[in-house]
There are 2 protein chains.
Amino acid sequence: MTGEAHSPFIRKLSAFVVLSESELAVLARLHRRRRTFAAGQDMVHQGQSAQTAYILSAGWVCSYKIQPDGARQIVDFQVPGDFLGLRSVLLRTSDHSFEPIVDIEAVEVLAHDLLDAFAQTPRLATAILWAASRDEAMVVEHLVGIGRRDAGARMAHFLLELGSRLALVGMGSKKGFDCPLTQYHLADTLGLSAVHVNRVLRQLREHALVTFRNGRVSFHDYEGLVKLAEFDPAYLDQAGPLLK
Amino acid sequence: MTGEAHSPFIRKLSAFVVLSESELAVLARLHRRRRTFAAGQDMVHQGQSAQTAYILSAGWVCSYKIQPDGARQIVDFQVPGDFLGLRSVLLRTSDHSFEPIVDIEAVEVLAHDLLDAFAQTPRLATAILWAASRDEAMVVEHLVGIGRRDAGARMAHFLLELGSRLALVGMGSKKGFDCPLTQYHLADTLGLSAVHVNRVLRQLREHALVTFRNGRVSFHDYEGLVKLAEFDPAYLDQAGPLLK
DNA sequence: CGAGTAGTTGATTGTATTCAAAAATAGTGG
DNA sequence: CCACTATTTTTGAATACAATCAACTACTCG
């Protein structure tokens, strides 16, 4: 073991490619500009032209879109190790906003440095393409949930997915996990009203499946919840490096 | 002009990177295995481990997920020039299915050849990452639509987006476009029942906004429709090559 | 011409939303 | 430590939107 642990981001990419010394060096060079952001203050705003992306080191962020009528749809959450704003850089303007849910720590990556890194190390580009695909798979699953699951199954599925993601980085288990989200976050994520979120949570609690309270999600009947949500974690699984 | 036109795929990538002769050669090598598929016969099935991706040359395809209870959610449509199954290759199993809507023509790309191509030409990897980002932006917009737009706005937005995409490849205009989809496709795309799709289409028709009939979408009041859908095509725009 | 597919409509049921307001909780400054 | 404010959570009642059930029409294909 080295004295300094790899960043969660590098740990995540390593699940897909075995990174060489020189690739690690290129990655390390991307990791210079450490930044912090306060909870609630948007890091990137929808419509803004984006020259920088971020790699999240600590804390939770959500990415969302605001509609002209003011309705908000949260698209995804980022937890440590997740990339943030890659799409904004490639498409040159951000089609969505990023809001830190809590105070966070992130590494700033300039568009130019990122494209340079891709040019130097194609395997790194492939690895990041893999990570982007995994994120897209989550968005797709989210889409399916909103389109074709009822409110209860949707909520159950969301909590299970979040639990699985956090378990991968050691921040949760089948017992539960700490969760800084409010019921408004859940509503804007699941396409429900905050009031209805509250009712659905009560039902899940009354059926002794899961409790969401005081910043903590506690699974009481994990298997029952999996059954209700028809949760199949296949799309999250990492089956070992594809690129040796 | 050359005797043979570039494939729509190459035309699309060129919007992002200026491709060199050697990069075009690598792309050409990917374009060998031409295949055809009959309408309705799934090309790739959910859960199947995937070693091949496709580049669509002609026809329409939809990608969808089936839920354990039988409900179907269409995630996206592919039109000529679109990549198909990239995610399946990188994640090694397909989390969704592909169904040709009409008889189609596609180029088969082996996982191995694709990863090789990335290793040889990092700019190509970046270009494909760009295309994937653009696709993801559409999925995200779709998610927002299902989560936060009512049935009418959802339908209007979908038809406008499809029109814009087709206009980019010369297959539609602000007058309308030919469309082989059934109302069942629309229902499974928008998260509605087929019956409700029918009602919504009738309302749009009665308000003289748009007609969907006989395999043809006709815009009668394009601006009115844009207003109803709050359609902002920014996420589809291509503002010229980022990589020179 | 019958069978099948796609589209159309009405009536009814149910789910989720909205509006309104009270109760619990967290944070702040005196 | 307590009063005060702002969030967040909880509940009730009325309403709106979309689903389901059940026919019925139009069109295509063998």
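Labels below follow one simple rule: chain letters A, B, ... track the order of the sequence lines, proteins then strands, and each chain is numbered from 1. These values consider heavy atoms only, across backbone and side chains, with no hydrogens, waters or symmetry-generated copies.
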Show every donor-acceptor pair shorter than 3.5 Å between a side-chain atom in residues 224-234 of chain B and any protein atom, with sequence neighbours excluded, or say none if there are none.
{"unit_1": "B/Asp232", "atom_1": "OD1", "unit_2": "B/Ala234", "atom_2": "N", "d": "3.1"}

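- Looking at B/Ile101 and B/Phe77, their side chains come closer than 4.5 Å, going by heavy atoms from C-beta outward.
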Original post:
Which letters describe nucleotides 14-27 of chain D, given B = protein heavy atom under 4.0 Å from base, S = only from sugar-phosphate, - = neither?
Top reply: ----BSBB------
Side-chain donor-acceptor pairs of residues 201-213 of chain A under 3.5 Å, sequence neighbours excluded:
{"unit_1": "A/His207", "atom_1": "ND1", "unit_2": "A/Gln203", "atom_2": "O", "d": "3.4"}
{"unit_1": "A/Thr211", "atom_1": "OG1", "unit_2": "A/His220", "atom_2": "ND1", "d": "3.4"}
{"unit_1": "A/Thr211", "atom_1": "OG1", "unit_2": "A/His220", "atom_2": "NE2", "d": "3.3"}

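- Just one residue in the list B/Val200, B/Val197, B/Ile74, B/Asn198 forms a side-chain contact (heavy atoms from CB on, under 4.5 Å) with B/Leu186, and that residue is B/Val197.
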List the atom pairs, with distances to 0.1 Å, where a side-chain N or O of residues 189-196 of chain A and a protein N or O form a donor-acceptor pair under 3.5 Å, not counting sequence neighbours.
{"unit_1": "A/Thr189", "atom_1": "OG1", "unit_2": "A/His185", "atom_2": "O", "d": "2.6"}
{"unit_1": "A/Ser193", "atom_1": "OG", "unit_2": "A/His196", "atom_2": "N", "d": "3.1"}

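- A heavy-atom distance below 4.0 Å to DNA chain C is reached by these residues of residues 211-220 of chain B, ordered by number: B/Arg213.
- Between B/Ile104 and B/Gln78 the shortest side-chain heavy-atom distance does not fall below 4.5 Å.
- Within a 6.0 Å radius of CG in B/Asp69, more than 12 heavy atoms belonging to other residues, nucleotides or ligands are found.
- In this structure B/Asp103 satisfies the side-chain contact (heavy atoms from CB on, under 4.5 Å) test together with B/Ala38, B/Ala39, sequence neighbours excluded.
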Subject >> Working for salt bridge (charged side-chain N to carboxylate O under 4.0 Å, His left out), residues A/Asp135 and A/Arg87 >> reply: CA-CA 11 Å; A/Asp135 289 347; A/Arg87 211 165 72 233; over 6 Å; no
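- Residues from residues 61-75 of chain A lying near DNA chain D, meaning a heavy-atom separation below 4.0 Å, are absent.
- Evaluated for a salt bridge (Lys or Arg N to Asp or Glu O under 4.0 Å) with A/Asp82, the options A/Arg134, A/Arg11, A/Lys12 yield exactly one hit, A/Lys12.
- Within the structure, every pair that satisfies the salt bridge (Lys or Arg N to Asp or Glu O under 4.0 Å) test and touches residues 183-198 of chain A, not counting sequence neighbours, is listed here: A/Arg72-A/Asp188, A/Asp188-B/Arg148.
- Proximity of A/Leu181 to A/Leu162: side-chain heavy atoms (C-beta onward) are separated by under 4.5 Å at one or more points.
- One atom, CG of A/Asn198, and another, C1' of D/dT8, lie 10 Å apart when rounded to the nearest Å.
- Applying the ring-ring contact (aromatic ring centres under 6.0 Å, His included) rule to pairs touching residues 81-111 of chain B yields B/Phe9-B/Phe83, B/His96-B/Phe98, sequence neighbours excluded.
- Computed from coordinates, the A/Gln183 CD to D/dT9 P distance equals 4 Å when rounded to whole Å.
- Here the straight-line distance linking atom CG of A/Asp42 with atom SG of A/Cys62 works out to 8.0 Å at 0.5 Å rounding.
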Residues 47-59 of chain A side chain polar contacts: donor-acceptor under 3.5 Å, at least two apart:
{"unit_1": "A/Gln48", "atom_1": "OE1", "unit_2": "A/His45", "atom_2": "N", "d": "2.8"}
{"unit_1": "A/Gln51", "atom_1": "NE2", "unit_2": "A/Ser49", "atom_2": "O", "d": "3.3"}

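- A nucleotide of DNA chain C counts as in contact with chain A when one of its atoms lies under 4.0 Å from a heavy atom; the first and last such, 5' to 3', are C/dA16 to C/dC19.
- The overall bend of the helix from C/dC1-D/dG30 to C/dG30-D/dC1, read as the angle between its terminal helix axes built from five base pairs each, is 40° when rounded to 10 degrees.
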